[in-house]
Amino acid sequence: KQEVTQIPAALSVPEGENLVLNCSFTDSAIYNLQWFRQDPGKGLTSLLLIQSSQREQTSGRLNASLDKSSGRSTLYIAASQPGDSATYLCAVSGSGYALNFGKGTSLLVTP
Amino acid sequence: DVKVTQSSRYLVKRTGEKVFLECVQDMDHENMFWYRQDPGLGLRLIYFSYDVKMKEKGDIPEGYSVSREKKERFSLILESASTNQTSMYLCASSLATGERQPQHFGDGTRLSIL
């Protein structure tokens, strides 16, 4: 069974810092990996999706990389802002239809 | 933009009641999903549907059923609600193509069973 782990579980940084969130998965036979953002009490907002044939995807200040063979992905956030404060979830799509989620990294960016 | 709408943001029901959670998407997606999210356990799949009237059990289907009579609507049914079904319920949808497409989520329904 696919296990997805996110480290760290929580992170607090001052505004303006660049930061990296980590995601690892145990089974490298994936179709894609998706990064989400979740604000308190809200649903999930899709940030980036990386297909298994791709190495990275970029959207604005966000960059996600994928190393399928080592079972790792990173989400890089440049020049962090207080509005980036949220929980970030990583999810992988394997042989079934469903996504397997990590438990998330709770990010706090302080002014 | 894809819009996934869940009918209620907050819902309070009593033990033993039959509860319906509704989800509608406006992008003609074939796949629809119901997850529940609990602290410390993360998101877990309850059921998904890949076509009208088609459904598959997820990781935790016990105590739940689903209905998909129309492509845009996917309902989650708690046959006889129990307190351990108090949770955040999230609906998602995705397009079915040769390449896996992203899943798009609704805002969630926070359900409390008293």
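Here is the naming used below: chain letters follow the sequence lines, and residue numbers restart at 1 for every chain. Because only heavy atoms are used, hydrogens play no part in the values below, and waters and symmetry mates are left out as well, while side chains stay in. Treat the numbers as computed from the prediction; the structure is a model and nothing was measured.
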So, Q103(B) and Y35(B): side-chain donor and acceptor under 3.5 Å apart, yes or no?
yes
For chain B, the option from G102(A), G41(A), A9(A) that forms the most heavy-atom pairs under 4.5 Å:
G41(A)
Examine whether an atom of E56(B) lies under 4.5 Å from a heavy atom of chain A, and if so say whether it belongs to the side chain, the backbone or both; otherwise answer neither.
neither
Could you look at L99(A) and say if it's the side chain, the backbone, both or neither that has a heavy atom under 4.5 Å from chain B?
both
Please determine, by modelled atom types, if D67(A) and S69(A) share a side-chain donor-acceptor pair under 3.5 angstrom.
yes
Minimum heavy-atom distance A79(A)-N18(A), with the two atoms named:
N-OD1, 2.8 Å
Under 3.5 Å side-chain donor-acceptor pair for Q34(A) and S46(A)
yes
Taking every non-hydrogen pair under 4.5 Å, which of A91(A), G94(A), G104(A) racks up the most with chain B?
G94(A)
Checking heavy atoms, do the side chain of R9(B), its backbone, both or neither come under 4.5 Å from chain A?
side chain
R37(A)/D39(A) ion pair, N-O < 4.0 Å
yes
